[in-house]
Amino acid sequence: MSEKKIKTSSGIEIKEVYTEEKSIELPGEFPFTRGIQKDMYRGRMWTMRQYAGFSTASESNKRYHYLLSQGTTGLSVAFDLPTQIGYDSDHMMSEGEVGKVGVAIDSLKDMEILFDGIDLQKVTSSMTINATAPILLAMYICLAKKQGADLKQISGTIQNDILKEYAARGTYIYPPKASMRLITDVFEYCSIELPKWNTISISGYHIREAGSTAVQELAFTLANGKAYLQAAMQKGLDINVFAKRLSFFFNCHNNFFEEIAKFRAARRMWAKLTQSLGATDPAAQKLRFHTQTGGSTLTAQQPLNNVIRVSNQAMAAVLGGTQSLHTNGFDEALSLPTESAAKVALRTQQIIAFESGVTDTVDPLAGSYFVEALTDEVEAAAWKYIDIIDAKGGSVAAIEEGYIQNEIAASAYQYQTEIENGESILVGVNKYVDAEGIKPEGFRVDDSIRKVQIDKLISLRAERDALAVEKALLGLTDAVKQGLNTMPYIISAVEVYATLGEIADAFRKEFGEY
């Protein structure tokens, strides 16, 4: 137990952990319902991230330096749609999308600009990237090498969760089995070369954004996690090693107590699930997760109401025991977040952390009749879904059959129906509506960004060693055919400034598109 003494404003000392006399479950101990660390935020505050990336690498770099100056403790990179689906900015499919929903990254040159002046050994970076995750990770590794960093000390996360792309989000490129191979290649490579890197962030966030319920988000996410565990074990990897580097990414919506119960149930379920597959090391049984407040809960009507929604959701994430948190800007239903909205979102986290007092003791809602019962009920309902998915042959089979997609679609339809008939209330949307709402000026990315990126690509291709690029891409193709781990070959291609699109096309040639 920590010796740190914390008191209320009235001078009442707060204990680190509160339990009933009969209670034997403690935080930091299996099954981790109450938290993965015994002292939680008394020992270490959650990482405060703000998801950011837009326009060019240069513009995004300015935003990162601003956020770091305001107190963020980790970076979270948003990539534009062409980057996510493996197209360079000059590809015809990229037209109208370059730099719009995230930053455009075409080559290692862009990555060098994106993190200019940022020490990768001192800052953790989370990258929301899936189909092209191995390529972006390779660029990050190459940049870290250029900075002289010790790769054994580099820490961060790539999302790298392709199963939820097929089920909910859509930014996949290759067929499921080929995609699973690339993911396990990353697991295997990083377990040796980047031992502190989180090789996958198994995402319930996008499942929830697509319209699932809280229980479905939990169940489908853990079922996908189980599929990744099994795929890695089939490749001969030790669950007690690679499972330590798996993390999760959950949504947090408006139903305060249900969200808290969901997070508590998630830890308990993952501990049981990993144990059932042979994990004996407690570190391999712990569910570590990042939370983002619910993007789909934000309203374009009366956008300042979103400040309250985000605060409510952030508080639930903290009371649920998150390890990392991103709070949305109040104007994100209208555009990319403005700088002022991003600051308010960050200040929301800081006020919860340092003014609310909820971080003073571990799992302060433990023992609540309602929270404990709801945790049990959420868990039981989620296991029912997992049993159905297991009976279908696991997540890949359930996705190929369309089961998970159909369940999400049915829930989304039901929720929309409830909004339209007034059964569910959205303040400012179907109740307490203003005749004229005040809308803040949105943040827009100009289409001219594409020309900037194309000009950079023309210069890059003129300056680089074309023969070295051709040789590296042929080496990658041969590695794919021979069943070798592709990560060293991707890194070799990145180092000679092969573009993201060229590397993705090498995989397209061998795997095809889905």
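In what follows, every heavy atom counts, from backbone to side chain, and hydrogens, waters and symmetry copies are set aside. From a predicted model like this one, the values you see are computed outputs, not experimental measurements.
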Item to complete: Kindly say whether the aromatic ring centers of Y174 and Y514 come within a distance under 6.0 Å.
Response: no

Discussion item. Check this for me: does any side-chain nitrogen of one of R44 and D39 sit under 4.0 Å from a carboxylate oxygen of the other?
Written reply: no

Worksheet item: Run the side chain to side chain contact (heavy atoms under 4.5 Å, CB included) check on V77 and F115 step by step: do they pass?
Response: CA-CA 11 Å; V77 184; F115 289 101; 3.9 Å; yes

Discussion item. If the threshold is 4.0 Å, N to carboxylate O, is there a salt bridge linking E495 and K145?
Written reply: yes

Worksheet item: Do Y489 and D478 meet the criterion of a side-chain donor-acceptor pair at a distance under 3.5 Å?
Response: no

Discussion item. Quick check on Y18: does its OH atom have over 12 non-hydrogen neighbours (other residues, nucleotides or ligands) under 6.0 Å away?
Written reply: yes

Worksheet item: Could you give the distance from CZ (R347) to OG1 (T327), rounded to the nearest 0.5 Å?
Response: 11.0 Å

Worksheet item: Any chance the rings of W197 and Y140 have centres within less than 6.0 Å?
Response: yes

Worksheet item: Strictly by modelled atom types, are E217 and S212 linked by a side-chain donor-acceptor pair under 3.5 Å?
Response: no

Worksheet item: For T297 and R309, does a side-chain donor sit closer than 3.5 Å to a side-chain acceptor?
Response: no

Worksheet item: If you draw the axis of the six-membered ring of F187, does the NZ or CZ of K235 fall within 45° of it and under 6.0 Å from the ring centre?
Response: no

Worksheet item: Are any of the side-chain heavy atoms of K226 and S395 separated by less than 4.5 Å?
Response: no

Discussion item. Donor-acceptor pair, distance only, cut-off 3.5 Å: does the side chain of Q159 make one with the backbone of I200?
Written reply: no

Worksheet item: In terms of the angle between their ring planes, are F249 and H206 parallel, tilted or perpendicular, with boundaries placed at 30° and 60°?
Response: perpendicular

Worksheet item: Is K5 salt-bridged to E16, going by a charged N under 4.0 Å from an acidic O?
Response: no

Worksheet item: Does R208 reach the side chain of H253, with side-chain heavy atoms less than 4.5 Å apart?
Response: yes

Worksheet, complete the sentence: CG of N312 to CG of N255, rounded to nearest 0.5 Å, is 9.0 Å

Worksheet entry | Distance-only donor-acceptor check, side chains R49 and T124, under 3.5 Å | yes

Worksheet entry | Residues S247, H290; criterion side chain to side chain contact (heavy atoms under 4.5 Å, CB included); working and verdict | CA-CA 8 Å; S247 66; H290 169 74; over 6 Å; no

Item to complete: For the pair F250 and F289, name the ring-plane relationship: parallel under 30°, tilted 30 to 60°, perpendicular over 60°.
Response: perpendicular

Worksheet entry | Distance in Å, E510 CD paired with L476 CG, rounded so as to fall on 0.5 Å steps | 9.0 Å

Discussion item. Any donor-acceptor pair under 3.5 Å linking the side-chain atoms of T132 with those of Q84?
Written reply: no

Item to complete: Taking all heavy atoms of N240 and all of T280, pick out the closest pair and write down the distance.
Response: OD1-N, 2.9 Å

Discussion item. I need the minimum non-hydrogen distance between A506 and T477, along with the two atoms involved.
Written reply: CB-OG1, 4.2 Å

Worksheet item: Taking atom CE of M127 and atom CD1 of I105, what is their separation to the nearest 0.5 Å?
Response: 10.0 Å

Worksheet item: Side-chain donor-acceptor pair under 3.5 Å between Q323 and T47, yes or no?
Response: no

Item to complete: Taking all non-hydrogen atoms of both residues into account, name the closest pair between D161 and S201 and its distance.
Response: CB-O, 3.6 Å

Worksheet item: Do the side-chain N and O atoms of Y166 and S179 include a donor-acceptor pair separated by under 3.5 angstrom?
Response: yes

Worksheet item: Less than 4.0 Å between a side-chain N and a carboxylate O, is that true for D360 and R42?
Response: no

Fill in: Derivation of the side chain to side chain donor-acceptor pair (under 3.5 Å) call for T33 and R268
CA-CA 5 Å; T33 310; R268 186 191 296 169; 3.1 Å; yes

Item to complete: Taking only Lys NZ, Arg NE, NH1 and NH2, and the carboxylate oxygens of Asp or Glu, determine whether D505 and R508 approach each other closer than 4.0 Å.
Response: yes

Worksheet entry | N/O donor-acceptor pair under 3.5 Å between S191 side chain and F242 backbone | no

Discussion item. Taking the side chain as everything from C-beta on, heavy atoms only, tell me whether I386 gets closer than 4.5 Å to L222.
Written reply: yes

Practice prompt. Ignoring hydrogens and angles, state whether a donor on the side chain of E209 or S296 is under 3.5 Å from an acceptor on the partner side chain.
Written response: yes

Worksheet item: Between K262 (side chain) and N251 (backbone), is there a donor-acceptor pair under 3.5 Å?
Response: yes

Item to complete: Please determine, by modelled atom types, if N328 and H326 share a side-chain donor-acceptor pair under 3.5 angstrom.
Response: yes

Worksheet entry | Nearest-0.5 Å distance, CG of residue D387 to CH2 of residue W383 | 8.0 Å

Worksheet entry | Closest approach of V310 to T293 (non-hydrogen atoms, all atoms of both residues) | O-CG2, 3.8 Å

Practice prompt. State, yes or no, whether a side-chain contact exists between I389 and I404 at a heavy-atom distance under 4.5 Å.
Written response: yes

Worksheet item: Do P31 and E25 come within less than 4.5 Å of each other through their side chains, counting heavy atoms only?
Response: yes

Discussion item. Using 0.5 Å steps for rounding, measure from the CG atom of L75 to the OG atom of S126.
Written reply: 9.5 Å

Worksheet entry | Distance-only donor-acceptor check, side chains D185 and T486, under 3.5 Å | yes

Worksheet entry | Side-chain H-bond candidate by donor/acceptor type, N224 with T221, under 3.5 Å | no

Fill in: F248-W270 aromatic ring centre distance below 6.0 Å
yes

Worksheet item: Is the shortest distance from a Lys or Arg side-chain nitrogen in K272 or E379 to a carboxylate oxygen in the other one below 4.0 Å?
Response: yes

Worksheet item: Under a 4.0 Å N-O cut-off, is there an ion pair linking E372 with R264?
Response: yes

Worksheet item: Where do T199 and Y228 land on the side chain to side chain contact (heavy atoms under 4.5 Å, CB included) test, with the steps shown first?
Response: CA-CA 11 Å; T199 51; Y228 293 126; over 6 Å; no

Response to the item:
Tightest non-hydrogen contact, residues L218 and A266, listed as CD1-CB, 3.5 Å

Practice prompt. Would you sort out whether Y189 and I141 count as a side chain to side chain contact (heavy atoms under 4.5 Å, CB included), showing the intermediate values?
Written response: CA-CA 12 Å; Y189 178 84; I141 290 168; 3.9 Å; yes

Discussion item. What I want to check is whether the side chains of Q414 and E418 have a donor and an acceptor closer together than 3.5 Å.
Written reply: yes

Worksheet item: Would you say the side-chain atoms of T361 pair up with the backbone N or O of P364, donor to acceptor, closer than 3.5 Å?
Response: no

Fill in: Taking every non-hydrogen atom, the tightest pair across I490 and A138
CG2-CB, 3.6 Å

